[in-house]
Structure formats: structure tokens, C-alpha cells
*Asks:* 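Here's a structure for you.
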Amino acid sequence: MPHQRPFYLTTPIFYISGTPHIGHAYTTIAADVLVRTARAHGPARGLTGTDEHGQKVANAAAAAGMTPQQYVDSLAPKWRTLAPAFDAHFDDFIRTTEPRHVRACLALFERMRISDDVYEGVYEGWYCTNDETFWPEAKLVDGRCPNPECRRAVQWLSEKNWFFRLSKYQQPLLDLFRTKPEFLRPQTRYNEMMAILEEGLEDFSISRSSFDWGIPLPGGGVLYVWYDALINYISALGWPEDADGLYARFWPGVHLIGKEIARFHTIIWPAMLMSAGLPIPSRVFAHGWITSDAGTKIGKSLGNAMDPFAMRGEFGADSLRYFLLREAPFGSDFSISIEKLRQRHNSDLGNDLGNLLRRSLAMLQKYRNGLVPEAGAGTVQERVADLPSLVNEHVMAFRFREALDEIWNVVTLLNRTIDEQKPWELYKHQREVELDAVLYDLCEGLRWLSLLLFPFMPAKATEMWRQLGLAGTPELQWNEELVWGRLAANTQTNPGDALFPRIEPPVLSS
RNA sequence: GGCUCGGUAGCUCAGCGGUAGAGCGGGGGACUCAUAAGCCCUAGGUCGUAGGUUCAAAUCCUACCCGAGUCACCA
């Protein structure tokens, strides 16, 4: 069943001083597939953006000889190009330095004060200047920084800050998790957060007074960067003014995040919203890490990040999108390599799908001058009847791989239909009615595939659509378009270049 | 160290009480519309180890081994 409610999905906002790596592309692409699928059933909205405050940014700006604002302005364009580079379309891109965001943060802070959930306290602990991190006493190694690559002396710091009475929300959060386990998926992340909740929550410092690159508070100091960052999900909708009515229409939304930030999104953020008397997110999904073949995490700090732009250059955005969502269950870690990418590209995309389109249109060209025949007594219709709802259910539950498995069953079905019906023999023996029936089934089946694959591979699905002789793009409502027989007879098809040209392994020279 | 999740065919994984499954790779076959693609057949793996419960266990319980994650106010 298509969902009725407007659908709102967010990615995390990316920390601006980093460099985009394959993990950012992964989150972005998955979010885009969700939003595009939702949009095929009704109103849907996607949000991404950048997180621009914090001491690290301030330090990096100083090192670059710029003001923090100049510095983040110089970096923001790089992040804006990330989504378009992978054919991901978001309705909005928020930067936490924008006035609309600043206003929302201060408004939320004020609401929480009114709830008596914000109080002044002293924030202190052992601080490592190099890592810019406070460490609990128990973590110190010989009284020094526990980071194995640091091990410098730590110093005792204390500053007066605002605290959020997070402890007050332990029970409400436990109730939430127990009554609505689907709030956080997958299960393994849910278990971890439950363990944290059962251990108990401590109040949480939400301002800083030792530096000033953040959202300034009326009485001095700035908001802690995470407190500020989480609010982007509603500030981008126009809360609290909501002049455009977006907040009223789209909140609460769904958050897609990486597993490392589940705590912020499923404990701190809901508690903040509860405190302010606002609805909490409807769902949070924490996906896994992409690793290299050696099994090491790919991240900025390890210096082995695969450049997503280079990978796109070699395989194309659609092929990469397909690989990332087909290769592993969404939520698990998985490894990526050029060889695996090539394997998927050649086998699934080139051999199965691309070749299916080409051989189908080639026969239509040869036997019917490229004109779609009248529909006949085909066998494919009944086999695909459940496919749209099945695919939609899988995608909306973050089961991208299962959705693609279902779609590929139909790719295989159509390939098998050709081999079983042998159109070349039907043609030779002038069995015109049967030949028409098979050719129609193939074209209509391919039209369905184009529509269903559009969220995953927008450009290639559109190219399929074009070769099938259809106008516009397959970005259409499924309940109207996924009706068997909608493809009109006498449509003039346009066979074209191979959809996914084979990519040969590099020739090794000795 | 506590807790959590995994350890199933060469690879990636599904199965989660009833005498072992899929995809890919590998091997064989019949065809020709097609990107030498597609289709059909084929994999005989002590389901991490050792016990236990049961008429019956990858599937439940216990212990252990191995791997990963998490227990941080760094985004």
C-alpha cells in the first residue's frame, strides 16, 4: 500500500571541515532512493546539508588565515556538489550558519528553559588540548591522554555552561524504545541504545564558553555543536515560524544516519524534542560502514578513503548507486573494491539488464520495424502483479537489496521468456499472434523495470524510457503508471547504445 | 573487562525445531534475438568447537574459541 502521509527524510549534515568520501556518498545515495521511491507514491521531501560550527572549524580557519565564516563559505560549495554528483536530488540544503537555523536553535533552547530542563552548571574534566577532548578519569592511561597516537599530558579544565537535564528523560526514552522498537533499526543498534538507556543517563552540557565559533547565547557562550546540529532537521522546515507550512506538513520525519551517531539521534535528539514539547522523529535507521577489502574502516582519519568522485568517473553514478545498495544488506558493514564493482556492473547491469533491453529492441526492430505491437495473451503480466507493492515495502523498510532482488527476478524472467518463446522461430514460421504477444510482454515489462528502477538509477532508467519510445521521464506515480497494458501499441521505439557497456579489467603489463 | 551481534558451499549471504538453500565464480549442455551476453543442468559444505534439552537442532540451552561493534560532551 502506498503511504498517504507526506514523507520527509534527512541525511546527517556533514561536518564541513572533512573531505567527502565514499561513506558520505553512500548515505546520500540511499537517502535519495528512499525519497524518490516515496515520491512515486505522494509528496516527499529530502534534506541534506553541512554542520559548520565547533572548535575544530575555528582552529582550521585560523590555520588557514581566515575567519571561521570565510572558511566555511569556502568549503560549502564542495559539499553542495556531493549529491548532484551521484544524481541525488534533495529539496533543501541547510547550513548551520544560516539565520533560519540560528533562530530555530535559540527558540528551541528557550523552550527547553521554559520546561526547566536547562540549568547552569560547571563542565569540567581532564582535557587533552591536542585531541580537543574531555576524557573521564577512568580512561586515562598513566594520567595521560588515552589516544594511542597522542598520549600527551592532560589538564584539568572547568567552565561554567548550560546543561540539559537529560537524566529526566531516561524513563520516557525507555518507554519509547520498549513500545516502539521499530523507532531505531537495525536491531543491533537498538540493542546498543537500550543498553545505554538501562545504564542511566547523565545531564549533558549544551554550551561552551572557551571559544566563540557557534551560535551565541544571550547571556554569553555558544551552543555546543551537536546540540545545534541536530536542530537542522526542523530548522530547515521553517520551525518555529513555519511561514511555508513545511514543518506542519512534513514533521515528524525519518532520519537516515551512520551507526556511529545513533546515540545523538535516538537518545539526545528525542529528549530535546520531548523537552520542547515537539513530536519526535518517526523512525531512525543507522546504516553500516563501508570497509576496504582488508576489512578496515574507510574514513577520513585513516587516509584510505576511496574517492567517490573517481569511482563515479570510472563506473558512472548509476552503476555505483546500484552496487552500494545491492551488494549487502543495508545496515551491515560491507567491503567495496574496484573488482567487485566491475563484477556487478558487467554481470547484473550489462549482461542481465542492459542486454535484455538491447536484445528485446533489436528483435522488435527486425520483426516489427521497431513498433510496439498490440498486447496479446502474454504470460508476464501475472508474474509481475505484486512487484510494485513488494518493491515499495522493501525500500520503505530500508531493505534496498531485497527490493533489487525482486526487480532482478523480473529481469531474469524476461530473459528466460525470450529463450523459451524463441521469437526468431515464431518469426520464421509466421506465427504472428504469438510473436506479437511476446514482443509486447518484453516492451511492457521493460517499461515497468524503467519505472521501478528509476529511484535506484535515475539516468539509466530514463535512458531505458527513451529507448522504449516514451516521452518525458519515468519519474511518475506508480499507481497510475504501473498498470499492465498501459504501453500503447504502435509506439515507435528508439534502440540506442548499450545501456551499460562492458568494463574490462585493466591490462596488466609485466 | 561488561554488554550486543556474528562464525552455513571458493566468495557474499538467506534459512532460525522436522532429514542443508540462493546469487556470483567454477564445470557441462542446447540455442542465436543480443554487450561471446542470455537460457538449462551442475557445487556433495562435520551449518565455529564441546556438551545438553527434544521423537527430531544451523535452528533452543550452557561453556569455550574466533571476529566485529559498543560501553566518550571528538561531527
Side-chain angles (χ1 to χ4, degrees), chain A residues 12-18 50-57 96 123 125 127-128 130-136 138-139 146-147 161 163-164 166 186-196 198-199 202-208 224-227 229-230 258-264 268 288-289 291 295 297 300-301 326-329 332-335 340 343-344 346-367 401-402 405 408 411-412 414-427 438-439 442 495 497-503:
Chain A
I13 47 176
F14 303 119
Y15 203 64
I16 196 157
S17 70
T50 44
D51 184 10
E52 308 192 351
H53 293 304
Q55 189 169 15
K56 280 195 178 172
V57 170
T96 56
Y123 177 41
Y127 186 77
C128 172
N130 184 63
D131 289 2
E132 294 162 23
T133 303
F134 279 89
W135 297 99
K139 287 276 182 183
N147 178 351
N161 283 142
F163 278 73
F164 169 36
L166 183 64
Q187 186 71 39
T188 167
R189 307 275 83 87
Y190 174 90
N191 294 343
E192 286 172 11
M193 293 307 116
M194 271 302 268
I196 289 172
E198 282 164 353
E199 269 179 36
E202 288 180 15
D203 291 351
F204 178 76
S205 164
I206 56 173
S207 72
R208 291 294 122 96
Y224 169 55
V225 63
W226 256 116
Y227 178 89
L230 290 162
K259 64 183 183 181
E260 75 284 5
I261 51 179
R263 180 197 185 93
F264 288 98
I268 293 171
W289 288 109
T291 64
K297 182 180 119 185
K300 61 186 185 306
S301 58
R326 180 68 189 268
E327 182 68 6
S332 308
D333 292 356
F334 69 102
S335 68
K340 285 179 174 177
Q343 176 62 40
R344 286 275 179 202
N346 288 340
S347 175
D348 296 7
L349 297 177
N351 297 349
D352 294 348
L353 178 62
N355 188 48
L356 169 64
L357 176 70
R358 171 164 277 205
R359 66 197 295 217
S360 300
L361 293 184
M363 286 188 286
L364 189 66
Q365 196 66 40
K366 194 173 283 189
Y367 307 143
R401 182 208 228 180
E402 288 78 356
D405 278 343
W408 246 256
V411 173
T412 297
L414 294 181
N415 272 319
R416 187 186 304 131
T417 298
I418 294 174
D419 285 276
E420 286 174 355
Q421 304 282 9
K422 301 181 174 55
W424 49 93
E425 285 190 5
L426 296 177
Y427 178 72
V438 180
L439 293 175
L442 293 174
D497 293 339
L499 203 54
F500 295 97
R502 203 175 172 75
I503 295 175

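Order of the sequence lines fixes the chain letters, A, B, ..., with proteins taken first and strands second; residue numbering starts at 1 for each chain.
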*Asks:* For Watson-Crick and G-U wobble pairs within 3.5 Å on both distances, what is RNA chain B written in dot-bracket notation, | included for inter-strand pairing?
*Replies:* ((((((((.[[[[.).....]]]].((((.........)))).....(((((.......))))))))))))....
*Asks:* So does A/Arg359 get a side-chain nitrogen or oxygen closer than 4.0 Å to the phosphate oxygens (OP1/OP2) of B/G38?
*Replies:* no
*Asks:* Can a side chain N or O of A/Arg416 be found less than 4.0 Å away from OP1 or OP2 on B/C40?
*Replies:* yes
*Asks:* Once you round it to whole Å, what is the distance between C1' of B/A37 and CG of A/Asp419?
*Replies:* 11 Å
*Asks:* Which whole number of Å gives the distance between the C1' atom of B/C65 and that of B/G25?
*Replies:* 31 Å
*Asks:* In whole angstrom, what separates A/Tyr190's OH from B/U70's P?
*Replies:* 19 Å
*Asks:* Nearest-Å distance, CG (A/Leu414) to C1' (B/A37)?
*Replies:* 16 Å
*Asks:* For A/Asp51, is there an ion pair with A/Lys56 - N to carboxylate O distance below 4.0 angstrom?
*Replies:* no
*Asks:* Hey, does the side-chain of A/Asn351 have a donor or acceptor N/O within less than 3.5 Å of a partner on the base of B/G38?
*Replies:* no
*Asks:* Could you tell me how far apart A/Trp424 (CH2) and B/G38 (P) are, to the nearest whole angstrom?
*Replies:* 14 Å
*Asks:* Grab the CD1-C1' distance between A/Ile418 and B/C33 for me, whole Å please.
*Replies:* 7 Å
*Asks:* With a 4.0 Å limit, can you tell me whether A/Asn355 has a side-chain N or O closer than that to the phosphate oxygens OP1/OP2 of B/G38?
*Replies:* no
*Asks:* Nearest 0.5 Å please: distance from the CD1 atom of A/Ile268 over to the CG atom of A/Leu166.
*Replies:* 6.0 Å
*Asks:* To the nearest 0.5 Å, what is the distance between OG1 (A/Thr50) and CD1 (A/Ile16)?
*Replies:* 4.5 Å
*Asks:* Using a 6.0 Å cut-off, check whether atom CD of A/Glu202 has over 12 heavy atoms from anything other than its own residue.
*Replies:* no
*Asks:* How long is the line joining CZ of A/Arg189 and P of B/A68, in whole Å?
*Replies:* 15 Å
*Asks:* Counting only side-chain nitrogens and oxygens, does A/Arg326 get under 4.0 Å of the OP1 or OP2 atom of B/G23?
*Replies:* no
*Asks:* Rounded to whole angstroms, how far apart are CZ on A/Arg358 and C1' on B/C33?
*Replies:* 12 Å
*Asks:* Could you write out each protein N or O paired with an N or O of nucleotides 5-14 of chain B at a distance under 3.5 Å?
*Replies:*
residue : atom : partner  : partner atom : Å
B/C13   : O2'  : A/Arg401 : NH1          : 3.3

